[in-house]
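First the proteins, then the strands, lettered A, B, ... as listed; each starts at 1. None of these values were measured; they are calculated from a predicted model. Hydrogens, waters and symmetry mates are skipped; everything else that's a heavy atom, side chains included, is used.
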2 protein chains.
Amino acid sequence: MLRLSGQTAHPAARYSHTSLKFRKGEIIYAQGDPATDWYQVESGTVRTCFLYRDGHRQLTGFYYSGDVFGIDAETYRSSAEAVTAVTLTRCSKSMGSAIASNQIPEASSLLQSALNHAQSCISLLGRRTANERVAAFLLATAWRIGGSDSLNLPMTRADIADHLGLTIHTVSRTLSELARREIIGLNGPQSITIRNPHLLRLLADGEGRDTSYEQIDRIGALAMAPATALGR
Amino acid sequence: MLRLSGQTAHPAARYSHTSLKFRKGEIIYAQGDPATDWYQVESGTVRTCFLYRDGHRQLTGFYYSGDVFGIDAETYRSSAEAVTAVTLTRCSKSMGSAIASNQIPEASSLLQSALNHAQSCISLLGRRTANERVAAFLLATAWRIGGSDSLNLPMTRADIADHLGLTIHTVSRTLSELARREIIGLNGPQSITIRNPHLLRLLADGEGRDTSYEQIDRIGALAMAPATALGR
DNA sequence: CGACAGGTTGAGTGAGCTCAAGTCGGGTGG
DNA sequence: CCACCCGACTTGAGCTCACTCAACCTGTCG
């Protein structure tokens, strides 16, 4: 969510770093492996997955260009996998010491970044309905990578579902419903445009709980009106 | 979950610290306040709450004697409240600098502790059913404070519910059901004994999903048998 | 062209929510 | 000492939203 320390920071650059490439779907490290390295994304998208004993998984985060992941104490609590083809910079922790003992100058920044990611994940999972979770996820993702209203979701529906604690069916249905109400646009499964950010924000914040679709759409239209009038 | 750095460590002891008392229910700091201090629990229990725009809350953690909380970057992302009467040690961050710039030696340890708490929270919310969440919560709490099989839950059902993303009704029903099956014992709402930790672990790990109660109870009985035979 | 992965959509079910009533224990005031 | 209240908890009944099961569509790759 939060960039590490501004646009230009490259914390990985200061250490013995190795550039690596992974193909789509490849595993970068596995849950339980000794946490010897941390990584920074150069290009592409990475997901971290926590696997439960019964086989189902909880995606704890998506990492885009500039993001840092793999900041764990002893062993990795989540595995990391390439969502798309990725290039990474790998940084060995062992050259200084464990990251927990702060012999690495940016240790605090890296941990802070990891903590922010975890809190964002909690913020999504704490929401109550599928609408709220999907809406909040779209806004968070748009804010992180899109910048503008059009965004390309690199991950599959299954990834989104396992991130939000839903099924792919519910995610798909919810997105279709949002598109039907013209809150978002769907140009193919991966390409999404946010048409009504204001209304999406209301949905994410739970304003649609005991309110009918017609009511919330009216509220959204009212909220949009000044912005639209101002914008053109 | 994880103690900061062993039983005897008192990271708060090394700084300008102030001892504070709060009564049950009192607010220690509010969400959005500038994060100027962090705290260590001397006695009692503290909860941290993330409030959503619609008024519902997500408890992001419970903190017991020895635990540290309030490790945020700029402003507190959650409020902190006294679950019981508590005594705390408050430590000012401003004496060095912001915690993110690692001028405070234990900054990394504190952040690591906060990260562990966040990951435990995700691990609970990532579970699928009420049974799994409640079982996992009981085990985590017992491991943290109980030590033995008997534990005193300092928080209310509402606190548990808002921590697990359930309602108080579902929490209450689930606990009653666990008691009815003699997996736990209930001596009053706050006092719980774990009678069958093995079976509780199976439930927490989702082994009861597509299995009937009778089947899982039988599995649990089998799993218990050797341990019982060995133990006495 | 077939195989397959990813995605969408429908129908029916069920776990957990909502609404509602009732219990229990502790505190307070008459 | 008892009546009363209040907050916390429990439990029942019904409903709803998300899951399950299933079918089908689409694009891609060999």
Side-chain angles (χ1 to χ4, degrees), chain A residues 23-25 47 54-56 81 83-85 124-135 137 152-180 184-192 203 206 208-213 216, chain B residues 23-25 47 54-56 83-84 124-135 137 152-180 184-192 203 206 208-213 216:
Chain A
R23 286 187 299 262
K24 181 178 177 177
R47 63 174 175 249
D54 67 352
H56 99 266
E81 299 161 16
V83 172
T84 62
L124 284 177
L125 289 174
R127 282 163 212 275
R128 304 228 273 249
T129 68
N131 267 324
E132 289 171 27
R133 293 186 193 183
V134 170
F137 170 75
N152 209 292
L153 294 178
M155 71 292 288
T156 67
R157 296 288 185 266
D159 287 336
I160 298 173
D162 287 345
H163 189 41
L164 302 181
L166 301 169
T167 62
I168 58 171
H169 312 280
T170 300
V171 170
S172 183
R173 266 186 258 272
T174 304
L175 287 173
S176 297
E177 176 66 15
L178 289 175
R180 205 187 56 71
I184 64 171
L186 283 170
N187 314 41
Q190 319 282 44
S191 172
I192 287 184
L203 286 175
R209 184 83 38 66
D210 46 2
T211 317
S212 72
Y213 278 154
I216 188 87
Chain B
R23 286 189 299 262
K24 181 177 179 178
R47 64 173 175 249
D54 66 352
H56 100 266
V83 173
T84 63
L124 284 176
L125 289 174
R127 283 164 211 276
R128 303 228 272 248
T129 69
N131 267 324
E132 289 170 26
R133 293 186 192 184
V134 171
F137 171 74
N152 208 292
L153 294 179
M155 70 293 286
T156 66
R157 296 287 186 267
D159 287 336
I160 299 173
D162 287 344
H163 189 41
L164 303 180
L166 302 169
T167 62
I168 60 172
H169 312 280
T170 301
V171 171
S172 183
R173 268 186 257 271
T174 305
L175 287 172
S176 297
E177 176 66 16
L178 290 175
R180 205 186 56 71
I184 64 172
L186 283 171
N187 313 43
Q190 319 281 43
S191 172
I192 286 184
L203 285 176
R209 182 82 35 68
D210 46 0
T211 318
S212 72
Y213 278 155
I216 188 86

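- Counting heavy atoms from C-beta on, the side chains of Val134(B) and Leu175(B) come closer than 4.5 Å.
- For Thr167(A), counting side-chain heavy atoms from C-beta on, the closest listed nucleotide (dG16(C), dT20(D), dC9(D)) is dT20(D).
- When the P atom of dT9(C) is taken as reference, atom CG of Leu178(A) falls 12 Å away, rounded to whole Å.
- Remark: C1' of dC17(C) and CZ of Arg128(A) are 10 Å apart, rounded to the nearest angstrom.
- Ranking dA18(D), dT10(D), dG7(C) by closeness to the Gln190(A) side chain, first place goes to dG7(C).
- If you measure from atom CG of Leu186(A) to atom C1' of dG6(C), you get 14 Å, rounded to the nearest angstrom.
- Looking at heavy-atom distances under 4.0 Å, Gly165(A) makes contact with sugar-phosphate atoms alone, never a base.
- Of all heavy-atom pairs between Leu166(A) and Arg133(A), the closest is CD2-NH1, 4.3 Å.
- No donor-acceptor contact under 3.5 Å links the side chain of Arg173(A) to the base of dG7(C).
- Closest to the Thr156(B) side chain, of the nucleotides dC17(C), dC9(D), dT8(C), is dC9(D).
- For the pair Thr170(A) and dA18(D), the criterion of a side-chain N or O lying under 4.0 Å from OP1 or OP2 is not met.
- Nucleotide dC29(D) holds its C1' atom 16 Å from the CZ atom of Arg23(A), rounded to whole Å.
- Rounded to an integer number of Å, the gap from Asn187(A) CG to dT26(D) C1' is 16 Å.
- In this structure, CG in Asn131(B) is found 6.0 Å from CG in Leu178(B), a value given to the nearest 0.5 Å.
- For the pair Arg127(A) CZ and dC17(D) C1', the interatomic distance rounds to 18 Å; values are reported in whole Å.
- For Thr129(A), whose side chain is taken as the heavy atoms from C-beta onward, the closest listed nucleotide among dT8(C), dT10(D), dA18(D) is dA18(D).
- Of all non-hydrogen atoms in Leu124(A) and Phe137(A), the two that sit nearest each other are CD2-N, 3.7 Å.
- Looking at His169(B), its side chain comes within 3.5 Å of the base of dT11(D) through a donor and an acceptor atom.
- The shortest non-hydrogen separation linking Asn152(A) to Ser191(A) is ND2-CB, 4.4 Å.
- Atom pair Leu153(A):CG and dG6(C):P shows a separation of 16 Å (rounding to whole Å applied).
- Among the nucleotides dT9(C), dG16(C), dT10(D), the one closest to any side-chain atom of Ser176(B) is dT10(D).
- If you measure from atom CG of Asp162(A) to atom C1' of dG6(C), you get 14 Å, rounded to the nearest angstrom.
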